[in-house]
Participant: 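Provided herewith is a single structure, encoded as structure tokens, for subsequent inquiry.
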Amino acid sequence: MPKLADFKTNEKSWWCPGCGDFGVLAALQKALVDLGVEPHNVALVAGIGCSGKIGNYINCYNLHVVHGRALPAAMGLKLANRSLTVIAAGGDGDGYAIGAGHFLHAVRRNVDITYIVMDNQIYGLTKGQMSPTSHSGFKTRTSPEGNIERPVRPLQLAIAAGATFVASGFSSDVKQLSRLIAEGIRHRGFALVNVYSPCVTFNRLNTYDWYKEVLSNLDDDPTYDPTNRAMALERLIETDERVRGLVYRSDQPSFEQLFPGYRDEPIVGQDWTLPEEDFTQLLEQFR
Amino acid sequence: MPKLADFKTNEKSWWCPGCGDFGVLAALQKALVDLGVEPHNVALVAGIGCSGKIGNYINCYNLHVVHGRALPAAMGLKLANRSLTVIAAGGDGDGYAIGAGHFLHAVRRNVDITYIVMDNQIYGLTKGQMSPTSHSGFKTRTSPEGNIERPVRPLQLAIAAGATFVASGFSSDVKQLSRLIAEGIRHRGFALVNVYSPCVTFNRLNTYDWYKEVLSNLDDDPTYDPTNRAMALERLIETDERVRGLVYRSDQPSFEQLFPGYRDEPIVGQDWTLPEEDFTQLLEQFR
Amino acid sequence: MRERRLTSWKIGGEQGQGIDSTGEMLAIVCNRLGYYIYGYRQFSSRIKGGHSNYKIRIGTEPVASTCSDVDILVAIDQETIDRNHHELVPGSVVVADAHFEPVLPEDSPARLLSVPLTRIAQDVGSPVMRNVVSLGVSAYLLGLPLDAFKEVVLEKFGRKSREVGQQNLAALEQGYAHAKEHLPAPSWRLAPGDGKRRLVMMGNDAVALGAAAAGCRFCAAYPITPASEIMETLMSILPRYGGVVVQAEDEISAITSCIGAGFAGARAITATAGPGISLMQEAIGLAHMTEVPIVIVDTQRGGPSTGMPTKHEQSDLWALLFGTHGDTPRIVLAPSTVEEAFYDTAQAFNLADRYQCPVVIASDLSLALNKQTVDGLDLSRVQIDRGHLLNDDEIAQAAESAGFRRYRVTESGISPRPLPGQPQGQYLATGSEHNEFGKVSEDPKNRVAQMDKRLRKVPSDPAQMGLTGIKYTGPEAPELLLIGIGSTYGPIDDARRLLEAEGYRVGHAHVRVLAPLPFKELADLMEQAQRVIVAENNAQGQLAALIEHRVGVALRERGATMPEVHRLLKYDGTPFLPAEIAADAREVTSYAQAG
Amino acid sequence: MRERRLTSWKIGGEQGQGIDSTGEMLAIVCNRLGYYIYGYRQFSSRIKGGHSNYKIRIGTEPVASTCSDVDILVAIDQETIDRNHHELVPGSVVVADAHFEPVLPEDSPARLLSVPLTRIAQDVGSPVMRNVVSLGVSAYLLGLPLDAFKEVVLEKFGRKSREVGQQNLAALEQGYAHAKEHLPAPSWRLAPGDGKRRLVMMGNDAVALGAAAAGCRFCAAYPITPASEIMETLMSILPRYGGVVVQAEDEISAITSCIGAGFAGARAITATAGPGISLMQEAIGLAHMTEVPIVIVDTQRGGPSTGMPTKHEQSDLWALLFGTHGDTPRIVLAPSTVEEAFYDTAQAFNLADRYQCPVVIASDLSLALNKQTVDGLDLSRVQIDRGHLLNDDEIAQAAESAGFRRYRVTESGISPRPLPGQPQGQYLATGSEHNEFGKVSEDPKNRVAQMDKRLRKVPSDPAQMGLTGIKYTGPEAPELLLIGIGSTYGPIDDARRLLEAEGYRVGHAHVRVLAPLPFKELADLMEQAQRVIVAENNAQGQLAALIEHRVGVALRERGATMPEVHRLLKYDGTPFLPAEIAADAREVTSYAQAG
Ligand SMILES: Cc1ncc(C[n+]2csc(CCOP(=O)(O)OP(=O)(O)O)c2C)c(N)n1
Ligand SMILES: Cc1ncc(C[n+]2csc(CCOP(=O)(O)OP(=O)(O)O)c2C)c(N)n1
Ligand code: SF4
Ligand code: SF4
Ligand SMILES: [Mg+2]
Ligand SMILES: [Mg+2]
């Protein structure tokens with residue numbers, strides 16, 4: 001069985017001390033250990049941002065793409081090699097600004113990948129511009145008089161777009177977060193795990209303390225039913241998404257289950273030769 | 001006062017006879033006449049698709065951009081010249097596939113433009129591939145065994161993303177549609193008018209008859225309250241968006257109202273010279 | 001009766017009036033009778049309405065281009081006559097629907113045959129069958145056996161319902177009968193075909209088949225004219241072999257999905273046209289930097305921007321070579337016939353795997369959409385070469401405590417590759433500069449080592465890659481050298497024959513690999529040539545500029561003088577006609593003689 | 001004491017330890033005392049941690065480049081010494097924090113001055129002020145008046161709170177006092193500055209100011225290193241003048257918004273780096289086709305793909321010239337100093353308006369981010385030229401029943417333009433090919449007319465546009481010609497001086513307009529030169545290739561021979577040092593003499 005150490009690399013971290021992303025990394029590694037997958041059977045696709053550097057610190061197959069494109073790459077990867085555990089990861093800017101279109105379409109396509117967004121409500125790597133999840137009024141380098149845009153609400157958006165698994169994590173609670181990630185991986189279809197992951201350098205508004213105070217834990221609420229779509233939406237609206245825990249899940253066939261002729265073996269393991277008879281047959285339509 | 005003829009061009013239409021887009025064009029022209037705006041004070045930004053050709057047939061300032069980018073262009077246009085009536089228009093593929101990201105961000109930015117989507121649930125101009133609003137199971141050139149993706153629900157998505165005006169029209173009912181468009185234009189902020197506009201050539205599933213049968217008219221329903229967000233979402237889910245009429249509206253400040261230092265005069269009419277004193281002052285920080 | 005070995009037939013009418021399908025049917029009939037054909041569709045960026053026409057050249061020997069002549073013009077409306085009468089040659093005929101009271105310009109060399117196409121169609125069921133009636137008339141005029149047409153009409157319409165099939169059959173027969181009875185006897189007929197059923201395909205078909213044959217099992221693309229058929233055809237083939245085809249939400253998603261699949265070891269393809277190529281530029285750089293193999297097809301069309309989506313052009317050459325930011329080596333193949341499109345596509349996957357980078361197929365609208373006769377496609381010529389992949393043992397041996405050196409700096413520049421799922425091969429593939437392990441690195445020395453490695457791995461000459469860089473026909477030291485790329489092969493070759501017949505010592509060098517440019521071979525040819533004409537379908541002479549530069553430097557290094565590169569540019573959306581090229585060549589040479 | 005007119009100071013430590021702000025403060029002090037400075041920051045793509053350093057060259061005359069020498073190195077950690085000691089020259093000193101027990105390599109020519117920076121900082125309040133302590137030490141070593149430093153420290157920290165200001169002041173003073181008491185007396189001091197307060201700016205500041213001065217009132221951009229400051233600065237300026245700045249959701253949205261604003265008649269700008277340029281390629285074609293003026297800034301950085309985001313490079317030249325599909329004429333300006341960045345940006349808006357197309361400013365990371373002294377910026381040199389706009393009367397006269405001919409085919413290729421809101425000027429601006437009215441047209445003749453019009457409107461030589469294409473320094477017929485672009489101006493100019501002093505007849509031609517390339521001027525210079533070196537920061541010799549091609553053809557036409565173009569390429573992420581260029585030049589010329 002793989003151990004936590006198997007998922008670590010000898011790379012020194014490039015994150016600021018105290019960055020929330022450390023917790024996300026730890027939770028992901030723990031989730032993989034708990035699931036018993038081997039490092040070589042995990043593929044992580046990350047976007048660009050502080051968050052996107054997560055792939056530097058986890059020992060598995062890593063693809064670090066261009067800004068905003070983690071999801072399409074993860075989809076191609078998964079559809080090509082179906083026996084891998086495929087994780088996509090990135091920041092709030094990566095996923096909900098430049099990547100917003102891909103996000104919506106990944107949700108509705110429902111390919112079996114788990115998408116972890118490290119949501120710090122700011123652009124970290126480019127040094128503190130507002131992000132699509134930044135609060136209205138928040139002063140940043142690009143909103144010197146306060147943000148005048150209304151923030152994206154990723155959890156509601158995912159549900160409205162037809163998501164089959166939606167969770168909200170907090171990077172301080174590695175235990176809960178790793179459980180949510182593991183559940184997301186186990187879920188057959190697209191799983192969103194949006195994680196509140198504080199940026200200690202550029203976001204002085206949404207700090208650890210702030211999150212601790214405002215986040216309510218759905219997992220502790222016996223009245224909350226994560227299979228009830230209406231209840232999920234209602235709660236998200238009510239709380240302005242200041243929740244953590246499993247928000248919503250439903251059982252629907254994944255893209256893979258629906259795609260005609262889909263086989264479980266990875267493409268790379270299949271026989272690629274086109275039988276001569278088949279070729280002749282294919283040519284028939286041109287005669 | 002401008003007349004309908006003022007908004008017409010001598011261009012022969014490139015649409016197939018019977019195409020739903022004729023109704024949309026007529027409704028838009030009528031709305032503009034009803035609002036009493038002059039052709040030279042209207043700017044229409046269209047995307048690429050059969051739908052995107054609408055700009056060929058309406059006499060006003062027209063900008064026909066690349067596929068999927070009508071909204072950002074319309075936003076720039078409006079913010080530059082605030083006294084124009086700015087309309088963005090395009091197809092379901094243009095707006096909800098390649099343009100999905102811009103759509104979400106346009107909604108949350110709430111710039112005062114009206115966005116008309118000619119939703120025929122198919123790719124018309126490229127001859128019949130599935131679109132993001134195509135029904136599951138629908139057989140098209142790119143879904144020979146039936147579409148396996150779950151369709152985008154634009155009305156719900158818009159509301160989840162924070163839209164302040166959402167309407168649904170049917171191209172056969174030019175009267176209602178022109179009223180909805182006019183209301184959208186009058187609305188201060190971003191207005192979505194999604195129009196069911198049948199493609200008679202490539203979509204044999206969602207035909208005029210089909211729409212006539214399934215669409216319920218919200219405007220006729222005295223119990224329906226378009227200012228109630230929860231009710232709007234509920235109804236959309238219940239009916240799978242098979243509705244027409246005003247779906248939702250709310251009064252919130254537009255981007256323009258919130259932007260610091262915003263002036264009403266068009267940029268082109270402002271004095272562009274930077275006063276020498278101001279320049280000296282600006283340079284001070286570099287000394 | 002006189003027998004002809006080559007003729008040219010054309011039908012025109014409004015888009016949506018069955019112009020295409022009539023042309024298609026004639027093409028199939030001719031193919032089954034053993035003729036060679038070359039089809040040329042003109043259509044516009046709209047679905048119904050607007051003039052559209054379809055020209056088919058039919059010959060007993062290979063036909064590689066369209067021409068400006070028309071022997072038989074079928075006119076469904078007056079606009080067809082107005083727009084096409086200038087192509088009519090002496091002895092030609094216009095079959096026009098009596099319905100619209102056709103008028104032919106007085107000075108036309110053609111003879112007008114007014115035939116009640118619509119009325120006949122109406123009589124057998126519906127006026128929409130007027131085009132099938134015209135097919136019957138055409139059968140008679142071409143001197144081809146009606147039975148062959150019957151078979152094809154039944155195949156096409158019988159599928160819908162027996163009744164539709166029978167009605168169309170009647171339309172065909174009535175057309176033939178009417179012609180036989182009322183039209184003057186034709187002065188010629190086609191020499192009989194050899195009866196071999198060859199293949200009639202367009203470039204897009206060949207690309208899709210080539211991909212399937214080469215083991216490609218992943219395609220993600222976004223619809224666009226004139227590339228869509230590639231995805232659509234793969235959608236119908238790949239699922240049978242465990243492959244997946246995804247209609248992406250845009251081109252950026254399409255290519256990035258391919259990168260994901262390529263990283264996972266699958267052979268992946270995306271196909272697009274200019275606007276998509278422009279959108280893909282960032283991801284193309286990503287594939288270069290991560291060294292992930294993918295294949296990209298660009299079916300060039302009229303640019304820039306949306307341009308002329310249904311018109312032929314070759315104006316993406318520069319964008320394909322220089323489009324992404326930063327320094328990357330490129331591999332761009334340029335098939336010039338449908339047949340080559342098949343083999344080149346298959347080969348592209350081998351090159352992508354071998355050199356671990358994106359490989360581009362530069363197609364163009366004429367090649368992509370025009371139907372051509374192909375003698376045959378040989379599956380056994382398609383060999384799969386996966387490049388330097390490692391097996392599990394090799395990885396285990398190579399892996400170090402710091403991980404596996406995925407980007408090992410080797411002499412060739414090619415670093416052996418493990419695939420996800422292989423134990424101990426874990427590495428980071430990143431678009432950021434990285435060290436041998438794949439870890440992000442901004443170290444200056446490492447940067448140079450990795451950049452040099454990437455640039456070095458792609459040879460500077462296609463010959464070193466085992467590719468034919470230039471397809472040359474002509475004498476050893478031509479006085480005049482014609483150079484082209486892509487679908488201009490046919491018209492240039494035809495022009496060469498014309499000129500040769502007139503006594504010119506003319507050679508034709510067709511560029512089969514755009515990058516790396518076969519500049520040495522070109523230099524060898526150009527060193528000998530007195531005049532060089534680069535004929536291409538764009539406004540800036542994109543190919544000519546490349547040749548001028550690379551060959552110029554090569555010749556200077558040899559101490560040889562560079563001949564002037566004359567540009568023959570056509571960018572009005574229509575392909576070259578052989579006669580145009582020949583005329584230009586005569587002018588250039590006469591100027592040379594005078595000058 | 002010996003007086004020096006030029007020195008080089010450097011501070012290094014971990015990112016986030018105040019390295020940047022210390023350098024900034026010293027730069028401001030020097031500027032206020034009347035020195036010229038050139039700042040060079042090295043940092044990496046992370047927020048905290050990782051070695052970072054800031055070098056400032058200080059002189060009594062303009063300093064235009066960085067250098068490899070360091071006279072005073074302030075080391076906050078041992079890594080700083082390890083990574084930078086090779087730059088230390090004889091007579092230099094290392095001011096190192098005693099706290100980490102610094103070690104200097106034995107063979108170092110420098111003298112180690114161990115100073116308890118952290119302890120002193122701790123004593124006055126907090127160890128984080130160690131960098132301010134080091135500033136006090138530096139003041140002493142440079143022989144600069146402490147008062148000037150006090151002012152700057154108070155300005156910087158007093159803003160936060162009076163207490164913070166006072167603490168930092170104390171740190172500064174204690175550092176100075178400690179140095180005076182304990183360190184050996186320096187062997188030199190800086191010659192006094194002239195006391196003129198000039199400007200210390202980076203290229204990004206100048207671009208933003210240039211835009212504001214030229215009447216730009218719309219900016220949409222997406223954050224990216226090293227361009228972000230342009231948007232951020234405009235965000236602080238434009239709202240005061242009724243302008244709008246939007247942080248877009250991506251680069252495609254950014255540029256398309258600019259096209260919308262440009263269509264509406266506003267002057268609009270977007271700024272990005274390589275990845276953004278690649279994403280913008282499709283929209284760049286749209287702006288060309290619709291003939292909408294916009295300005296695009298590319299602050300080049302290490303490519304391809306994400307590459308080296310915080311490292312200098314000049315590898316987007318090809319992408320800027322050839323990046324979008326289809327045929328388009330390009331205008332690309334290449335400022336080489338911060339001052340030029342200001343005027344060029346202002347000029348770019350005039351060119352965009354005059355030629356109705358996108359205009360690109362090719363900046364690079366060194367130019368964008370390195371602070372330089374600028375003597376002054378003259379607002380009166382910025383004139384606004386809106387190009388051929390029509391007033392309402394002119395439109396009314398020109399309008400026809402079919403509408404207004406927005407794309408009238410004129411001799412110059414420029415078609416007079418109405419703006420939305422003007423009566424009777426309504427037209428369609430489309431990325432599809434269109435006729436004079438703007439209506440979509442696929443007519444072959446029209447296509448050629450419109451394409452020719454668009455290509456014709458941009459002159460083929462910058463001189464015809466009133467632009468200085470080449471900035472040349474040197475003798476009339478240099479034996480050696482150095483050519484560069486962008487921020488390499490400083491190091492090449494310094495190298496030229498070095499070589500000149502050694503007796504070489506050397507000229508320096510700096511390319512100020514990349515497109516249209518000033519090939520005639522270059523040909524004039526190259527015709528004379530025996531040796532040509534193109535020095536640029538990319539791996540493929542992108543500028544050299546362009547010159548080789550265009551000048552090669554021009555010289556052949558003149559019957560002159562083209563000298564060999566020697567490439568000096570540096571692509572390790574660091575800018576050229578003058579000494580490197582000089583060394584290469586000596587080698588090339590000696591080879592020439594030997595050969
Ligand atoms: C195409 C492109 N545009 C812009 C950038 C610059 N960039 C790098 S990271 C980033 C956003 C960072 O924010 P987020 O995604 O929230 O990640 P975080 O750093 O906060 O984890 C941006 C804009 C880029 N690398 N590529
Ligand atoms: C970047 C780019 N990709 C693809 C295309 C090809 N294309 C033109 S229209 C269209 C979609 C048409 O569908 P829709 O937006 O629904 O419009 P409709 O024709 O149905 O009105 C596509 C994919 C293009 N023009 N540009
Ligand atoms: S800048 Fe913010 S997000 Fe980035 S590493 Fe530092 S704390 Fe984390
Ligand atoms: S193809 Fe469909 S959408 Fe396009 S014009 Fe015809 S009917 Fe309308
Ligand atoms: Mg973030
Ligand atoms: Mg559609």
Side-chain angles (χ1 to χ4, degrees), chain C residues 44-45 252 273-275 277-279 281-282 284-286 288-290 300 302-311 313 315-316 318-319 321-328 430-433 440 442 444-445 447-448 451-452 455 538-540 542 545 548-549 552-553 556 562 564 571-574, chain D residues 44-45 252 274-275 277-279 281-282 284-286 288-290 300 302-311 313 315-316 318-319 321-328 430-433 440 442 444-445 447-448 451-452 455 538-540 542 545 548-549 552-553 556 561-562 564 571-574:
Chain C
S44 57
S45 189
I252 296 177
I277 287 293
S278 287
L279 286 173
Q281 293 292 4
E282 191 197 18
I284 289 175
L286 174 66
H288 278 290
M289 198 66 159
T290 51
Q300 299 170 86
S305 193
T306 306
M308 305 210 293
T310 60
K311 297 290 177 269
E313 201 163 273
S315 57
D316 300 352
W318 284 348
L321 290 174
F322 307 114
T324 196
H325 66 282
D327 287 299
T328 51
T430 169
S432 297
E433 192 55 277
V440 174
E442 296 178 327
K445 282 215 191 71
R447 159 66 166 187
V448 172
M451 177 62 85
D452 288 350
L455 291 176
N538 59 59
Q540 289 176 298
Q542 301 193 358
E548 213 164 39
H549 173 219
V553 171
R556 197 193 54 215
M562 170 80 176
E564 195 189 319
Y571 46 96
D572 66 359
T574 68
Chain D
S44 57
S45 189
I252 296 177
I277 287 295
S278 287
L279 285 173
Q281 293 293 3
E282 191 198 17
I284 289 175
L286 174 66
H288 278 290
M289 198 66 159
T290 51
Q300 299 169 87
S305 193
T306 306
M308 306 209 292
T310 60
K311 297 291 176 269
E313 202 163 273
S315 57
D316 299 351
W318 284 348
L321 290 173
F322 306 114
T324 196
H325 65 282
D327 287 299
T328 51
T430 169
S432 298
E433 191 55 277
V440 174
E442 295 177 328
K445 282 215 192 70
R447 159 65 165 188
V448 172
M451 177 62 85
D452 288 350
L455 291 176
N538 60 58
Q540 290 176 298
Q542 301 193 358
E548 215 164 38
H549 173 219
V553 172
R556 196 192 55 214
T561 46
M562 170 80 174
E564 195 188 320
Y571 46 97
D572 66 359
T574 67

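Everything numeric in this text was worked out from a predicted model, so none of it was measured. Every chain is numbered from 1 and lettered A, B, ... according to where its sequence line falls, protein lines coming before strand lines.
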Participant: In Å, rounded to the nearest 0.5 Å, how long is the span from CD of C/Glu442 to NZ of D/Lys311?
Facilitator: 4.0 Å
Participant: Applying side-chain hydrogen bond (donor to acceptor under 3.5 Å, both in side chains), name anything that partners C/Glu313, two or more places apart in sequence or on another chain.
Facilitator: C/Ser315, D/Arg447
Participant: Quick check for you: among D/Asp327, D/Leu279, D/Thr430, D/Thr306, which has the greatest number of heavy-atom pairs under 4.5 Å with chain C?
Facilitator: D/Asp327
Participant: Please look at D/Leu286 and chain C and tell me whether the side chain, the backbone, both or neither of the residue comes under 4.5 angstrom of a heavy atom of that chain.
Facilitator: both
Participant: Given a strict heavy-atom distance threshold of 4.5 Å, which part of C/Ile284 is in contact with chain D: side chain, backbone, both, or neither?
Facilitator: neither
Participant: May I have the step-by-step check of side-chain contact (heavy atoms from CB on, under 4.5 Å) for C/Gln281 and D/Glu282, ending in yes or no?
Facilitator: CA-CA 9 Å; C/Gln281 293 292 4; D/Glu282 191 198 17; over 6 Å; no
Participant: Need one label for C/Gln542: side chain, backbone, both or neither, based on atoms under 4.5 Å from any heavy atom in chain D.
Facilitator: side chain
Participant: Please tell me if the side chains of D/Met451 and C/Pro304 come closer than 4.5 Å, counting only heavy atoms from C-beta onward.
Facilitator: yes
Participant: Would you name the heavy atoms of D/Ser305 and C/Met289 that are closest together and state the gap between them?
Facilitator: CB-CB, 3.9 Å
Participant: Who wins among D/Ser432, D/Gly285, D/Pro309, D/Gly552 for the most heavy-atom pairs under 4.5 Å with chain C?
Facilitator: D/Ser432
Participant: Pick from D/Thr574, D/Thr561, D/Thr290, D/Asp452: which one has the most heavy-atom pairs with chain C under 4.5 Å?
Facilitator: D/Asp452
Participant: Is a side-chain donor or acceptor of C/Ser278 paired with a backbone partner of D/Thr324 at a separation under 3.5 angstrom?
Facilitator: no
Participant: Measure distances from C/Val448 to the heavy atoms of chain D and classify the residue's part below 4.5 Å as side chain, backbone, both or neither.
Facilitator: both
Participant: Flag the one option from D/Ala539, D/Ser44, D/Gly323, D/Gly573 with the top tally of heavy-atom pairs under 4.5 Å to chain C.
Facilitator: D/Ala539
Participant: Counting only heavy atoms closer than 4.5 Å, note whether D/Ile252 contacts chain C via side chain, backbone, both or neither.
Facilitator: side chain
Participant: How far apart are the C-alpha atoms of D/Gln540 and C/Leu455, what are their side-chain angles, what is the distance that settles it, and do they pass the side-chain contact (heavy atoms from CB on, under 4.5 Å) test?
Facilitator: CA-CA 9 Å; D/Gln540 290 176 298; C/Leu455 291 176; 3.9 Å; yes
Participant: Sort out for me which of D/Met562, D/Met308, D/His288 touches chain C most, counting heavy-atom pairs under 4.5 Å.
Facilitator: D/Met308
Participant: Under 4.5 Å, counting heavy-atom pairs only, tell me which of C/Val440, C/Asn538, C/Ile277 racks up the most with chain D.
Facilitator: C/Asn538
Participant: Which of the residues C/Gly431, C/Ala545, C/Ala319 is involved in the greatest number of heavy-atom pairs with chain D at under 4.5 angstrom?
Facilitator: C/Gly431
Participant: Please classify the contact of C/Ala273 with chain D as side chain, backbone, both or neither, using a heavy-atom distance under 4.5 Å.
Facilitator: neither
